[in-house]
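In what follows, every heavy atom counts, from backbone to side chain, and hydrogens, waters and symmetry copies are set aside. Chain A is the first sequence line, chain B the second, and so forth, proteins listed ahead of strands; every chain is numbered from 1.
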Amino acid sequence: MERKVRVRFAPSPTGPLHIGGVRTALYNYLFAKKHGGDFILRIEDTDQNRYVPGAEEYIIESLKWCGITPNEGVGFGDGPHASYRQSERMAIYRQYAEKLVDNGFAYYAFDSEVELDALRKQMEAEKSAFSYNSKTRKQLVNSLTLSADEVEKRIHAGDSFVVRLQIPENEEVVVHDLIRGEVRVHSSQLDDKVLFKSDGMPTYHLANVVDDFLMQITHVIRGEEWLPSAPLHVLLYRYLGWENVMPKFSHLPLLLKPDGNGKLSKRDGDRLGFPVFPLNWKDPVTGELSSGYRERNYIPAAFNNMLALLGWHPSGDQEIFSMEELIHDFSLERVSKSGAKFDPEKTKWFNQEYLRHEPIEKLVSLLKPMIVETYKIAEGDKRLTNEYLSKVVTLLLDRVQFENEFAEKGSYLFIAPTQYDQDIITKKWKPGFENFFNALSAEYGMMTSFTTADIDAKNKETAAANQLKPGEILQLLRVLMSGSGTGVDLLGMMELFGKEEVITRLNTGVNKIMQSMAAKSDHSK
RNA sequence: GGCCCGUUCGUCUAGGGGUUAGGACAUCUCCCUUUCACGGAGGAAACGCGGGUUCGAUUCCCGCACGGGCUACCA
């Protein structure tokens, strides 16, 4: 019987979700949607010591921002398997731990953490490693070495204990991984992992397997860091009697830091100047701030697209994918096996591509509040009209990567310059140009139509009348208009300004330049 | 240390027993252009090493090297 595809993203609320986590969520989501299945968000908060306030909300908000929407789960409306928060499912896990003990697959262990730590230290000193396993468990304090009475007595007395899985001594455990094929591990390499902690909480291993079973998860898609414990999970399914409905495993390659090697970590962002988090995050304890893609003005779809291609590749050469296209093309078989270094530059490129294809009206509405804020322009001003702003957007679109750059890079489109690029003036301004630009200003004043074509014709005509080539005066005209030697299309900019503003800027500019030249020559006298 | 996973341009990757080893980002050159971008054209740039198997290996196998992950009563 084909089961309905059900996958889950199961983060631990120990801090902000980083982009590796978002990618895992994305792949789960794409896989679920591709197969008409369900995507579930489950919060794995079985370690109360590591709980970070706000982390859960952060995870939910991040998924929302990305458009990776679970069908069931914390923050998205519970489904038939509520709760989706493991701390609220505590009552469930103990019975499974006990069932394992009863069936001889697990045992109670009374060794304290202190004792075990000492053992680890001691073994380390002897240059080997301590492992609680088939070899050592016979020398330790547990229900395998203690009499049944003694065990009973200790438990009733309230002695703290854990439940450990009794790993078989000599068995090959095979994990079938959809990305990596068969992974074989000999059971002698596994240790008797704690399933149930002395604080009454299950460990990840137990909770995860129990919940995946109960929630009818069909595919486990998670990071490669889980691969070493996958054989343990296989054993758990077997001993719990669930092997026939065991999910299929896929272990995703890790996201690596752009420089050097190693798993991408929280620190790398600050160190290298790019966000590793989807959203801004303020550490509630240290107050430390980490920047997010959302606040850096990334478009969520661009962010998703970038993430999707980091470790997965479509069958063709296409790189820009809508979410629908990603869902259509996604397959676990085409997920690569090796870790991917994160590339912040390419991430910017994705955003630029998306920005260029945004509807102008949308960019205008984004731009407007930024302009009001940045340049303190009052409502009703010509520069805040849709007509003006759409032209601004069009002029700037090819030279920005992020929406906030419209305001920054287009300052001169809103505010007349007060300074003029001195290098260009020094290089290009010739005696007599004052007269030429005054003449040009007067010519502009007589124009009745002020389009790019009109301006272009007038510029050329006036230049020719003064025995000048367009190349000699155009960049100066640009400096007079914007103060800068570089920028958006000159004619387009002038049309945007309109005749009055152009004349004002021209006259003001010429005056200022002449004044500063006069001042200079005074000094040199 | 042990176990597991991996290894194609600087980066993300395609490919796969015989290919001019393909694309994208970044980079360089040229063209377009008043400038800067955009765009266009082109360039440089990769199969970790050693053994097999084979007529032939970058592709399959084995070693090695290197990288990474895991090795908690964390997830």
Side-chain angles (χ1 to χ4, degrees), chain A residues 10-14 44-47 49-50 86 109 111-113 116-117 120 124 127-132 160-164 175 177 179-180 183-186 188-191 193-205 207-208 222-231 251 253-254 256 258-263 306 309-320 334 336-350 352 356 395-400 409 421 424 428 459 469-479 482 484-491:
Chain A
S12 178
T14 53
E44 308 224 327
D45 55 350
T46 51
D47 184 1
N49 301 321
R50 293 215 306 160
Q86 289 184 330
D111 321 83
S112 72
E113 284 188 78
L116 294 178
D117 274 349
R120 277 193 195 96
E124 204 176 312
K127 301 228 166 167
S128 70
F130 169 76
S131 173
Y132 209 122
S160 80
F161 68 89
V162 300
V163 175
R164 285 181 184 272
V175 179
D177 186 291
I179 296 169
R180 290 154 209 281
V183 177
R184 293 163 183 280
V185 181
H186 194 87
S188 61
Q189 302 301 328
L190 268 23
D191 64 337
K193 276 273 178 304
V194 170
L195 299 179
F196 198 80
K197 301 184 272 186
S198 58
D199 66 357
M201 290 291 249
T203 59
Y204 167 84
H205 301 107
N208 182 262
R222 79 237 286 195
E224 194 187 342
E225 69 269 27
W226 293 108
L227 193 51
S229 52
H251 290 92
L254 262 18
L256 274 18
D259 66 332
N261 292 300
K263 204 159 54 151
M306 173 280 292
L309 258 35
L310 218 48
W312 169 80
H313 197 275
S315 45
D317 276 339
Q318 185 180 344
E319 292 211 89
I320 301 298
R334 294 192 65 86
S336 49
K337 298 180 180 72
S338 49
K341 281 190 189 181
F342 179 72
D343 184 354
E345 285 307 313
K346 186 129 188 188
T347 306
K348 289 181 191 168
W349 174 79
F350 272 110
Q352 182 176 25
R356 280 201 210 146
L395 284 170
L396 245 15
L397 197 54
D398 279 339
R399 54 199 79 216
V400 296
K409 294 199 172 179
D421 187 316
I424 290 171
K428 298 220 160 181
N459 287 346
K469 284 183 213 150
E472 292 181 87
I473 51 102
L474 285 176
Q475 201 174 9
L476 284 169
L477 185 55
R478 167 183 294 285
V479 171
S482 71
S484 166
T486 66
V488 303
D489 175 60
L490 175 62
L491 268 8

Contact class for A:E113 vs. all strands (heavy atom < 4.0 Å): base, sugar-phosphate, or nothing?
base
Starting at atom CG of A:L309, determine the distance to atom P of B:rU11, rounded to an integer number of angstrom.
17 Å
Which nucleotide in B:rC5, B:rG6, B:rC12 has an atom nearest any side-chain atom of A:K346
B:rC12
hbond_proxy A:R50 side chain to B:rC74 base (donor-acceptor, 3.5 Å cutoff)
yes
Regarding A:G485, tell me which of base, sugar-phosphate or nothing describes its non-hydrogen contacts under 4.0 Å with the strands shown.
base
What does A:R334 touch in the nucleic acid at a heavy-atom separation under 4.0 angstrom: a base, only the sugar-phosphate, or nothing?
sugar-phosphate
What contact category does A:G311 fall into here, base, sugar-phosphate, or nothing, at under 4.0 angstrom with non-hydrogen atoms?
sugar-phosphate
Taking only side-chain nitrogens and oxygens of A:T14, does any of them come within less than 4.0 Å of OP1 or OP2 of B:rA75?
no
Tell me the interatomic distance from A:L254, atom CG, to B:rC4, atom P, rounded to whole angstroms.
18 Å
Under 4.0 angstrom, heavy atoms only, what part of the nucleic acid is A:S484 near: base, sugar-phosphate, or nothing?
nothing
Measure the CE-CG distance between A:M201 and A:D45 for me, rounded to the nearest 0.5 Å.
6.0 Å
Partner of B:rA65 by Watson-Crick or G-U wobble geometry, both contacts under 3.5 Å, or none?
B:rU7
Of A:G339 and A:Y132, whose closest RNA chain B nucleotide lies nearer the 5' terminus?
A:G339
A:K197 vs B:rA75: side-chain N/O to OP1/OP2 distance below 4.0 Å
yes
Less than 4.0 angstrom between a side-chain N/O of A:R184 and OP1 or OP2 of B:rC5, yes or no?
no
Please classify the nucleic acid contact of A:T486 as base, sugar-phosphate, or nothing, using heavy-atom distances under 4.0 Å.
base
Please tell me which of A:I179 and A:D317 maps to the more 5' nucleotide of RNA chain B, matching each residue to the nucleotide holding its nearest heavy atom.
A:I179
Taking the side chain of A:A340 as heavy atoms from C-beta outward, which of B:rG68, B:rG6, B:rC12 is closest to it?
B:rC12
Which part of the nucleic acid, if any, lies within reach of A:N459 when heavy atoms closer than 4.0 Å are counted: base, sugar-phosphate only, or nothing?
nothing
Would you call A:R50-A:D47 a salt bridge at under 4.0 Å N-O?
yes
Sugar-phosphate only, base, or nothing, as touched by A:K348 at under 4.0 Å among non-hydrogen atoms
nothing
Under 4.0 angstrom, heavy atoms only, what part of the nucleic acid is A:L490 near: base, sugar-phosphate, or nothing?
base
For atom NZ of A:K341, is the number of surrounding heavy atoms from other residues, nucleotides or ligands below 6.0 Å larger than 12?
yes
A:D489 near the nucleic acid: base, sugar-phosphate alone, or nothing, with a heavy-atom cut-off under 4.0 Å?
base
Would you please classify the geometry between the A:H205 ring and the A:W226 ring as parallel, tilted or perpendicular, with 30° and 60° separating the classes?
perpendicular
